[in-house]
Novice: 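Let me begin by handing over the structure; questions about it come next.
Below, each value reflects all heavy atoms present in this structure, side chains not excepted, and no hydrogens, waters or symmetry copies. Fair warning: this is a prediction, and the values are worked out from it, not measured in the lab.
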Amino acid sequence: MQGAAQAQDQSIQIPKQKVDEALRAKLPETIRSAGKMISVNNGSFPPYEIVTDANKMIGASADLSEALGELLGVKIEHATVNGLASSLSGIAAGRFQFAMGPIGDFKSRQEANDFVDYVREYVVFAVQKGNPKAINSLEDSCGKKVAVMSAGSAEKVIKAQAEKCAADGKPALEVMSFTDQPTSILSVRSRRADAFFSSQAPLTYFVQQAKGDLELAAIGKANGFQDLFQGAVVPKGSPLGEVLVGGIKALKANGTYAAIFKKWGIENNMIDEPGINRSAN
């Protein structure tokens with residue numbers, strides 16, 4: 001995948017980790033015995049999760065999970081499913097131990113899951129070059145066709161905005177939900193949609209790959225979100241949550257966390273203090 005290669009700074013080397021025996025001892029016995037755990041993903045959330053043509057996972061989350069695996073003395077494997085809803089249901093059913101994500105942390109999701117937050121994200125629009133529909137804020141989306149990832153937090157916000165457009169007597173906002181990021185961005189490039197509403201980090205990646213066809217819009221606005229934290233997902237109450245928090249804090253302390261984020265150009269998404277269920281929204 002040439003585009004994926006272009007999105008990273010290959011000069012940055014990610015240091016190998018020594019096993020932290022104290023953290024390893026806190027892993028659930030089933031994981032220690034198996035010597036591995038499976039992280040589920042949606043197939044495409046660049047630059048965090050990118051599945052190559054060879055079905056290999058690369059990206060910031062892949063680098064982070066590899067470092068965590070080394071730290072914990074286990075192998076972390078990756079499984080791809082279709083859409084966020086399938087990821088969350090797979091974790092709940094025990095088919096997967098966790099999702100490295102990052103996945104949006106919201107109070108409603110915390111009822112069934114714990115979030116190990118290690119990213120702060122912002123939500124913006126990817127639009128056609130020149131922003132011909134003049135989408136400069138969430139309020140400008142009335143009368144537009146907006147693509148979103150189905151079952152994601154952005155879908156909830158844009159559907160609420162569609163209701164607000166109707167209640168205010170403004171032109172209808174048409175919400176176009178897709179199961180993955182590439183299909184969503186393709187709808188904008190092919191002009192079936194006027195914009196794709198999603199996290200700024202992956203949209204920045206897609207705009208870079210679009211060779212001048214697209215640009216970001218409504219940057220620096222709340223756009224329906226406040227203090228949006230994202231992170232890994234584990235079952236509610238799982239001891240794995242505290243282990244992952246400890247692991248990410250260790251990687252932050254030894255500089256590996258910052259090296260990974262710099263390698264993938266997402267330094268602005270780092271947070272000072274990883275933690276569990278940090279979102280108050």
Novice: Is the backbone of Val124 close enough, under 3.5 Å, to the side chain of Asn223 for a donor and an acceptor to pair up by distance?
Specialist: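 No: the side chain of Asn223 does not pair with the backbone of Val124.
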Novice: Start with the C-alpha distance between Asp117 and Asn277, add both sets of side-chain angles, then the distance that settles side chain to side chain donor-acceptor pair (under 3.5 Å), and finish with yes or no.
Specialist: CA-CA 7 Å; Asp117 296 322; Asn277 299 334; over 6 Å; no
Novice: With no hydrogens and no angle check, just 3.5 Å: does a side-chain donor-acceptor pair link Ser33 and Glu29?
Specialist: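 There is such a pair (donor and acceptor under 3.5 Å, judged by atom type) between the side chains of Ser33 and Glu29.
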Novice: Going from CG on Asp20 to CG on Leu68, what distance comes out if it is rounded to the nearest 0.5 angstrom?
Specialist: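 Answer rounded to 0.5 Å: 11.0 Å.
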Novice: Quick check: closest heavy atoms across Tyr118 and Met100, and the distance to 0.1 Å?
Specialist: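 That would be OH-O, 2.7 Å.
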Novice: Quick one: do Glu70 and Lys16 make a salt bridge, cutoff under 4.0 Å?
Specialist: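 Salt bridge present between Glu70 and Lys16.
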Novice: Contact between Phe115 and Arg109 at the side-chain level, heavy atoms closer than 4.5 Å - yes or no?
Specialist: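 Of all side-chain heavy-atom pairs linking Arg109 with Phe115, at least one is under 4.5 Å.
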Novice: Can you tell me which residue among Val119, Ile12, Asn268, Thr256 is in a side chain to side chain contact (heavy atoms under 4.5 Å, CB included) with Phe261?
Specialist: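 Only one of Val119, Ile12, Asn268, Thr256 forms a side chain to side chain contact (heavy atoms under 4.5 Å, CB included) with Phe261, namely Val119.
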Novice: Inspect the contact between Lys159 and Glu155 and indicate whether a charged nitrogen and a carboxylate oxygen are less than 4.0 angstrom apart.
Specialist: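 Salt bridge flag = yes for Lys159 with Glu155.
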Novice: Flag the pair Arg24 / Val243 as yes when at least one side-chain heavy-atom distance between them is below 4.5 Å, and no otherwise.
Specialist: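 They are not in side-chain contact.
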Novice: Please report the interatomic distance CD1(Ile50) to CD1(Ile58), rounded to the nearest 0.5 Å.
Specialist: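 That separation rounds to 4.5 Å.
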Novice: Minimum heavy-atom separation for Ala60 to Ile260, with atom names?
Specialist: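 Where Ala60 meets Ile260 most closely, the heavy atoms are O-CG2, 3.5 Å.
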Novice: Atom NZ of residue position Lys26 - does it have more than 12 heavy atoms of other residues, nucleotides or ligands inside 6.0 Å?
Specialist: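 Incorrect, the count does not exceed 12.
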Novice: Taking Ala166's backbone N and O only, do any of them form a donor-acceptor pair with Lys170's side chain (distance below 3.5 Å, no angle check)?
Specialist: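 Pair absent, no side-chain N/O of Lys170 close to backbone of Ala166.
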Novice: Quick one: which residue pairs count as a salt bridge (Lys or Arg N to Asp or Glu O under 4.0 Å) with a foot in residues 72-99, not counting sequence neighbours?
Specialist: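 Checked against salt bridge (Lys or Arg N to Asp or Glu O under 4.0 Å) - neighbours excluded - the pairs reaching residues 72-99 are Lys36-Glu77.
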Novice: Is a donor on one side and an acceptor on the other found under 3.5 Å between the side chain of Ser65 and the backbone of Ala62?
Specialist: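 Answer holds: yes.
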Novice: Any chance you could lay out the side chain to side chain contact (heavy atoms under 4.5 Å, CB included) test for Asn41 and Met57, step after step, and finish with the verdict?
Specialist: CA-CA 9 Å; Asn41 65 81; Met57 174 70 71; 2.9 Å; yes
Novice: Looking only at non-hydrogen atoms, find the nearest pair between Ser199 and Gln230 and report the distance.
Specialist: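 Closest approach of Ser199 to Gln230, heavy atoms only: OG-NE2, 3.3 Å.
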Novice: Could you check whether Asn254 and Gln17, counting side-chain N and O atoms only, form a donor-acceptor pair closer than 3.5 Å?
Specialist: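 The criterion, which ignores hydrogens and geometry beyond distance, is satisfied for Asn254 and Gln17.
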Novice: As a quick check of understanding, evaluate side chain to side chain donor-acceptor pair (under 3.5 Å) for Glu121 and Asn269, giving each step before the final call.
Specialist: CA-CA 6 Å; Glu121 190 52 278; Asn269 298 99; 3.1 Å; yes
Novice: For the pair Lys249 and Glu273, find out whether any cationic side-chain nitrogen is under 4.0 Å from an anionic carboxylate oxygen.
Specialist: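 Yes, charged N to carboxylate O under 4.0 Å.
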Novice: Count the heavy atoms of every other residue, nucleotide or ligand shown that sit under 6.0 Å from NZ of Lys252, and state whether that count exceeds 12.
Specialist: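 Result for NZ/Lys252: enclosed.
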Novice: Is there a continuous path of hydrophobic side-chain contacts, each under 4.5 Å between heavy atoms, that joins Phe178 to Val81?
Specialist: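 Hydrophobic grouping puts Phe178 apart from Val81.
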Novice: Apply salt bridge (Lys or Arg N to Asp or Glu O under 4.0 Å) to the pair Asp213 and Arg189, showing each step before the final yes or no.
Specialist: CA-CA 7 Å; Asp213 291 345; Arg189 296 191 71 174; 2.9 Å; yes
Novice: Distance from Leu251 atom CG to Asp63 atom CG, nearest 0.5 Å?
Specialist: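 If we round to the nearest 0.5 Å, Leu251:CG and Asp63:CG are 11.0 Å apart.
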Novice: Kindly determine whether Asn136 and Phe125 satisfy side chain to side chain contact (heavy atoms under 4.5 Å, CB included), including the steps that lead there.
Specialist: CA-CA 8 Å; Asn136 296 305; Phe125 295 88; over 6 Å; no
Novice: Could you check whether any side-chain N or O of Asp114 sits under 3.5 Å from a backbone N or O of Gly241, counting only pairs where one atom can act as donor and the other as acceptor?
Specialist: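 Here the side-chain-to-backbone pair does not exist.
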Novice: Rounded at 0.5 Å granularity, tell me how far CZ in Phe98 sits from CD1 in Ile91.
Specialist: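 Going from CZ on Phe98 over to CD1 on Ile91, the span is 9.0 Å.
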Novice: Looking at Lys145 and Asp194, is there a salt bridge between them, counting it only when a charged N and a carboxylate O are closer than 4.0 Å?
Specialist: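 Salt bridge between Asp194 and Lys145, a charged N being under 4.0 Å from a carboxylate O: no.
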Novice: Salt bridge (Lys or Arg N to Asp or Glu O under 4.0 Å), that's the test. Do Asp168 and Lys164 meet it? Break it down for me.
Specialist: CA-CA 6 Å; Asp168 292 346; Lys164 185 176 186 298; 3.0 Å; yes
Novice: Could you give the distance from CD (Glu139) to CD (Gln161), rounded to the nearest 0.5 Å?
Specialist: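 Those atoms lie 5.5 Å apart.
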Novice: Under 3.5 Å, is there a donor-acceptor pair between the side chain of Ser238 and the main chain of Pro235?
Specialist: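 Such a contact is absent between Ser238 side chain and Pro235 backbone.
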Novice: Could you give me the CA-CA distance, side-chain angles and deciding distance for Gln128 and Arg191, then say whether side chain to side chain contact (heavy atoms under 4.5 Å, CB included) is met?
Specialist: CA-CA 8 Å; Gln128 290 139 18; Arg191 300 182 184 272; 3.0 Å; yes
Novice: Identify whether the distance between the nearest side-chain nitrogen and carboxylate oxygen of Asp105 and Arg278 falls below 4.0 Å.
Specialist: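 Salt bridge flag = no for Arg278 with Asp105.
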Novice: For the residue pair Ile266 and Ala201, what are the closest heavy atoms and their distance?
Specialist: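 Closest approach of Ile266 to Ala201, heavy atoms only: CG2-CB, 4.1 Å.
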Novice: So, the side chain of Tyr205 versus the backbone of Phe45: is there a donor-acceptor pair under 3.5 Å, distance only?
Specialist: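 A pair under 3.5 Å: no.
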Novice: Give me the ring orientation class for Phe106 and Phe225: parallel if the planes are under 30° apart, tilted from 30 to 60°, perpendicular past 60°.
Specialist: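 Taking Phe225 first and then Phe106, their aromatic rings sit tilted (interplane angle of 30° to 60°).
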Novice: So how far is it from Arg120 CZ to Tyr122 OH, rounded to the nearest 0.5 Å?
Specialist: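 Those atoms lie 4.0 Å apart.
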